[in-house]
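Below is one structure, written out as structure tokens; the observations come after it.
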2 protein chains.
Amino acid sequence: MQDDRSKKSEQEIDFGVLGEFLGYRLRRAQMNFFAKFGEVCEDLGISPGLFAVLAIVDRNPGLTQTAVAQALGNDRSAMVAAVDKLEGKNLLERRPAVNDRRSYALFMTEEGNRFFANAVERVSRYENEMAKCLKDDSEKEWLLDALERLANKSL
Amino acid sequence: MQDDRSKKSEQEIDFGVLGEFLGYRLRRAQMNFFAKFGEVCEDLGISPGLFAVLAIVDRNPGLTQTAVAQALGNDRSAMVAAVDKLEGKNLLERRPAVNDRRSYALFMTEEGNRFFANAVERVSRYENEMAKCLKDDSEKEWLLDALERLANKSL
DNA sequence: TTTCAAAACTTGATAAGGTCAACAATTGTT
DNA sequence: AACAATTGTTGACCTTATCAAGTTTTGAAA
């Protein structure tokens with residue numbers, strides 16, 4: 001007679017190799033962060049991806065869409081809809097590039113500056129709240145560094 | 001005359017707050033891991049999500065679809081297509097649950113055992129390769145622990 | 001026993017992201 | 001002048017995720 005484990009509670013489940021795999025742990029942690037981002041920024045109508053675009057344009061005014069896409073590791077075709085949305089919200093604008101009529105230069109609007117400052121305020125708050133499960137600031141710095149190394153590691 | 005930063009190289013880009021945000025760093029690291037998973041397991045026709053299902057069933061034979069979904073943090077309805085695919089590959093099978101005719105009990109097939117062992121071999125290899133950018137085993141353990149804390153942290 | 005709420009699986013609709021190939025306009029190079 | 005490369009864009013496609021129903025079955029309440 002075989003075991004009936006169908007009703008085993010979640011806490012008794014053996015995750016096997018998943019528990020030792022960085023890829024799985026990274027995914028679970030990131031899913032949690034995205035969920036929290038959604039809760040905190042729900043009324044702002046902005047996603048983590050759009051927030052990242054604003055963050056890049058905010059600190060690097062005049063970049064082309066392709067340059068922003070490369071910075072974020074996205075396809076440049078995906079940037080079209082993103083910039084369309086942000087331009088539709090009057091948060092940034094496309095200006096014709098001065099020396100290349102193929103491309104646009106991206107700039108924040110005044111409303112975009114206010115909006116982004118507010119968004120950073122919210123995201124920083126929940127980031128700090130999440131970071132409370134880390135021992136101290138040095139552990140967070142260490143973690144940020146380790147994550148960057150993993151993000152750039154090639155086989 | 002405004003700066004022409006449209007051609008700024010990627011390495012000169014200022015990431016601003018993104019560089020301090022765990023959410024962004026987690027996403028970049030996880031994207032890299034998923035990309036590497038795809039490279040290594042390309043011919044196996046399996047995704048990280050399907051691998052996770054196999055890992056759970058492998059160590060917890062007889063679980064229902066819903067139990068697996070809860071363990072992985074997925075919706076029950078998403079498990080249907082996943083199990084369909086894995087059953088179509090003869091890697092696992094649905095058996096009628098002994099005490100509940102509403103649910104199935106999931107079990108690995110013989111082929112599933114061999115397939116999963118092979119997949120774990122590959123994934124372990126690239127996981128270890130990726131972990132070489134960490135100082136030592138203790139740093140990896142520390143990182144796994146920190147990621148688990150972040151995955152379970154609530155606001 | 002009868003009734004009713006809840007659970008397990010499934011389906012279908014929907015939405016969001018990501019990838020990819022093409023296209024026109026423009027640029028840079030040969 | 002001819003050719004290749006780049007930029008923004010579009011459209012197709014795929015994968016996930018989510019959500020609301022609907023069916024069958026279970027378990028508890030009246």
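Quick caveat, the model's predicted, so the values are computed rather than measured. In the text below, chain A, chain B and the rest are named by the order of the sequence lines, each starting its count at 1.
Side-chain atoms of Lys132(A) and Asn128(A) form no donor-acceptor pair, as typed in the model, at a separation below 3.5 Å.
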Pick out the pairs of N or O atoms, protein on one side and nucleotides 22-25 of chain C on the other, that lie under 3.5 Å.
none

I'd like a list of close polar pairs between nucleotides 11-15 of chain D and the protein, N/O only, cut-off under 3.5 Å.
none

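Under the 3.5 Å distance criterion, the side-chain polar atoms of Arg25(A) are matched with a main-chain donor or acceptor of Gly19(A). The closest donor-acceptor contact from the side chain of Asn32(A) to the backbone of Lys153(B) lies under 3.5 Å. A donor-acceptor contact shorter than 3.5 Å links the side chain of Thr109(B) to the backbone of Asn90(B). Arg59(A) places no side-chain N or O within 3.5 Å of a backbone atom of Asp14(B) that could act as its donor or acceptor partner.
Counting only residues at least two apart or on different chains, the salt bridge (charged side-chain N to carboxylate O under 4.0 Å, His left out) pairs with a member in residues 75-88 of chain B are Asp84(B)-Arg94(B), Glu87(B)-Arg94(B). Sorted by first and then second residue, the side chain to side chain donor-acceptor pair (under 3.5 Å) pairs involving residues 116-126 of chain B (not counting sequence neighbours) are Asp43(B)-Arg122(B).
Between Gln30(A) atom CD and dG17(C) atom C1' there is a gap of 12 Å when expressed in whole angstrom units. Distance CG (Leu63(B)) to P (dA8(C)): 12 Å, rounded to an integer number of Å. One atom, CG of Asn74(B), and another, C1' of dC19(D), lie 15 Å apart when rounded to the nearest Å. Spacing between atom CE of Met79(B) and atom C1' of dT16(D) amounts to 12 Å, rounded to whole angstrom units.
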* Give the dot-bracket string for DNA chain C, reading 5' to 3', where a pair is Watson-Crick or G-U wobble with both distances under 3.5 Å, ( ) marks pairs inside the strand, [ ] marks pairs crossing earlier ones, | marks a partner on another strand, and . marks unpaired. => ||||||||||||||||||||||||||||||
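Smallest separation of non-hydrogen atoms from Ser47(A) and Phe37(A): C-CE2, 3.5 Å. Taking each heavy atom of Leu54(B) and Ile46(B) in turn, the nearest pair found is CD1-CD1, 3.6 Å.
The side chain of Thr66(A) lies closest to dG8(D), out of dA8(C), dG8(D), dT11(C).
Considering only side-chain N and O atoms, Arg27(B) lies nowhere under 4.0 angstrom from the phosphate OP1 or OP2 of dG17(C).
Residues that satisfy the side-chain contact (heavy atoms from CB on, under 4.5 Å) test with Asn113(B), not counting sequence neighbours, are Asp58(B), Met108(B), Glu110(B).
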